[in-house]
Amino acid sequence: MAKKQKNTRPKARLPRGFVDRSADDIRATDKMIAAIRQVFELYGFDPLETPAFEYTDALGKYLPDADRPNAGVFSLTDDDDQWMSLRYDLTAPLARHVAQNINDIQLPHRTYRAGYVFRNEKPGPGRFRQFMQFDADTIGAPNVSADAEMCMMMADTMEQLGIERGDYIVRVNNRKVLEGVLEAAGLAGDDHAGTRLSVLRSIDKLDKFGIDGVRQLLGAGRKDESGDVTEGAGLDKGQIDQVIAYVETGDVDGNEGVAELATIEQLVRAAGYGADRIKIDPSVVRGLEYYTGPVYECELLFDVTNEKGETVQFGSVAGGGRYDGLVKRFTGQQVPATGFSIGVSRLMTALKNLGRLDASHVKPPVLVCVMDRDIQSVTRYQAMVQELRAAGIRSELFQGNPKDFGKQLKYADRRGCAVAVIEGADEHAAGEIQIKDLIEGAKMAAQIESREEWTEARAAQVSVPRDHLVTTVRDVLSRHEG
RNA sequence: GCCGCCUUAGCUCAGUUGGUUAGAGCGCCGGAUUGUGGAUCCGGAGGUCCCCUGUUCAAACCAGGGAGGCGGUACCA
C-alpha cells in the first residue's frame with residue numbers, strides 16, 4: 001500500500017522558467033524598486049497599478065486567422081468564454097487604462113508602475129517566464145523633448161541604483177531613420193515587408209555578433225555554435241554595403257528622424273548629459289511591433305559573470321521609445337506617448353553578480369533558548385524576547401523541539417545568529433542569564449580539538465544579571481557591527 | 001520552433017565487452033554527549049538507475065520512441 005501511495009505523490013517542482021525568490025532577492029528587489037521610485041517621483045511621475053490579467057484583445061495578441069491567442073502569452077477563457085491573458089508588458093495595459101479613462105485624465109499624463117509580467121516562451125540563461133518590470137511613461141506628449149527627458153531619467157536612475165557613470169550607456173535611435181535606410185536600399189513597399197523585418201532584426205544583432213555577423217545575416221545567413229543555420233535577409237552586395245554604411249555612420253539624407261535625433265542630442269547636452277551617458281547609436285532597433293519614433297535603451301558596460309565564473313552577454317537592462325499609435329487602437333484618436341521599461345529582475349542579477357547590491361542588510365535575530373520546558377520558564381523566555389523587541393532588537397524564541405539543547409545552538413549557528421540568550425534553573429535561581437557571543441565562539445572553536453574541552457569551555461559566554469539583558473545583547477551586537 | 005549535450009540517493013557524481021544484494025563524497029538522522037555550535041569517531045535512513053516499448057537466458061548499460069533539464073539559435077510586445 002505504501003508503495004502505491006508513493007507513486008501518486010506529486011513531484012515537488014517548479015514550472016519551467018519560473019523561480020522561487022529568496023529572502024535576499026526580495027530585499028534586494030525592494031531596495032531597487034525604492035531607488036527607482038525615488039527618481040521617478042522626483043521627475044513628477046505618479047504611480048498606477050493595473051491587474052496581471054487583461055482581456056486578450058486589449059493586449060493586441062489575437063491571431064488574425066484563429067480564434068485563439070497568439071503564442072507567447074499565457075491565456076485562458078473566462079466563464080463567459082472570453083479570452084484573458086497574463087500581461088506580457090506594462091505598456092499595453094497602460095494604453096488600455098488611458099483609453100478607458102481618457103476623459104478623466106489630464107494630458108500630459110506622467111505615470112510609473114512596477115509589476116510582474118509573464119511570457120510564455122522558452123526560458124534562457126537569466127531569462128524567465130515571470131519577471132519584474134518598472135515602467136515610466138508620458139502620455140500626450142508629442143514632442144521629442146519628452147523622449148529626451150526619458151533618456152535623462154534612465155541615466156539618473158542607473159546612477160541612483162549605484163551604477164557609476166561610465167558603467168552604463170543610454171543609446172538612442174529613431175524608427176524613422178531606420179525606415180529611411182530601408183527605403184534608400186530599395187526595400188519600400190508591401191512586397192518587401194518580410195525583408196524589412198529581417199534587416200531590422202539583423203541590425204539589432206550588432207552588439208551580439210559584430211559587423212561580420214550582421215553582414216552574414218543580411219546576406220545568405222549565419223551558422224550558430226551548434227551548427228544550426230539562421231536564414232539571412234537575402235540582400236545583394238550593394239544593399240548590404242548600404243545598410244552596413246548606415247550602421248557605421250548613422251547617415252541618412254534628409255530624414256525627419258535624423259532631425260529629431262539632433263534635437264534630442266541638443267536637449268540632453270544642454271542639460272549636461274555627455275556622450276558618455278547618452279549617445280546616438282544607429283544600431284538600436286527595439287521591438288518591431290509598435291514604436292513609431294525615437295527608441296532608446298540602456299546597456300551595462302561592465303562584465304557580468306555567472307555562477308560558473310563565465311562572462312555573459314548581458315544586453316540591455318532597460319528600453320523604450322515613442323508609441324504614438326497605441327492608445328489610438330482603442331479610441332481612434334491619436335494620443336502621442338513615450339516611455340521606457342526597466343528589467344528589474346535582469347538588472348538585479350547583474351548587480352548581484354557584481355557584488356554591487358549589498359543584499360543582506362538584515363541581521364539574523366537574537367535567539368532566546370528554551371532550557372526549562374515548564375510553562376513558568378517559557379513565560380520568562382517569552383518575556384525576554386518581548387523586552388528585546390521592545391528595544392528594537394530583532395529576536396526570537398526557539399520554537400522547535402526544545403528537548404535537545406545542543407540543537408538550539410546548532411540552529412542559531414546555522415541561522416547566523418550573533419547572540420544566544422540562555423537561562424537555566426541555576427541561572428534563574430541566581431537571578432542571572434548567560435549571553436553567548438556566537439561569532440566570537442566560532443572563532444574560538446577553531447583552537448579547540450577535543451570535544452570535552454569544547455563543551456567545558458562554554459565559549460565566549462558571559463553571565464550577567466537578568467536586568468542587563470538588553471544592554472549586554474546590544475554590546476555584543478555592536479561589537480560585530482561592520 | 002530548430003541544433004547540440006545531458007538525465008543513477010536530498011546535492012555533486014562514479015559505475016558496466018550486458019551478469020548475483022547499484023556505489024562514493026557531501027548533506028540528513030541517531031549515538032559517543034539527556035546544560036552548549038565546530039572538529040573527530042561509530043551507526044542509520046534514503047534508489048521505479050527519467051518514462052515506455054523492443055532485443056536478450058539476463059538491461060542502469062544495447063536499439064527505437066517519448067518526457068524533462070542545460071546550452072546555442074530563432075522569436076521576443
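Quick note: numbers below take in every heavy atom, side chains included, and nothing from hydrogens, waters or symmetry partners. Reminder, nothing fancy here: chain letters follow the sequence lines and each chain counts from 1.
Comparing atom distances between the A:E427 side chain and each of B:rG35, B:rG38, B:rC76 picks out B:rG35 as nearest. Comparing B:rG30, B:rG38, B:rC3 against the side chain of A:D228 picks out B:rC3 as the nearest.
Rounded to a whole angstrom, the distance from the P atom of B:rA59 to that of B:rG43 is 35 Å. Taking the C1' atom of each, B:rA9 and B:rC28 are spaced 11 Å apart, rounded to whole Å. Separating the C1' atom of B:rG18 from that of B:rA63 is a span of 13 Å, rounded to the nearest Å. For the P atoms, the distance from B:rA14 to B:rA77 is 41 Å, rounded to whole Å. Using C1' as the reference atom, B:rC62 and B:rU17 are 12 Å apart when rounded to the nearest Å.
Using a 4.0 Å heavy-atom distance criterion, A:S450 is classed as a base contact. A:K443 comes within 4.0 angstrom of nothing in the nucleic acid, heavy atoms only.
Using cut-offs of 30° and 60° for the angle between ring planes, the A:F45 and A:F40 rings count as tilted.
Not one side-chain nitrogen or oxygen of A:R451 sits closer than 4.0 Å to the OP1 or OP2 atom of B:rC42. For B:rU73, the OP1/OP2 oxygens have a side-chain nitrogen or oxygen of A:K208 closer than 4.0 Å.
B:rG30: Watson-Crick or G-U partner is B:rC42, with both key distances under 3.5 Å.
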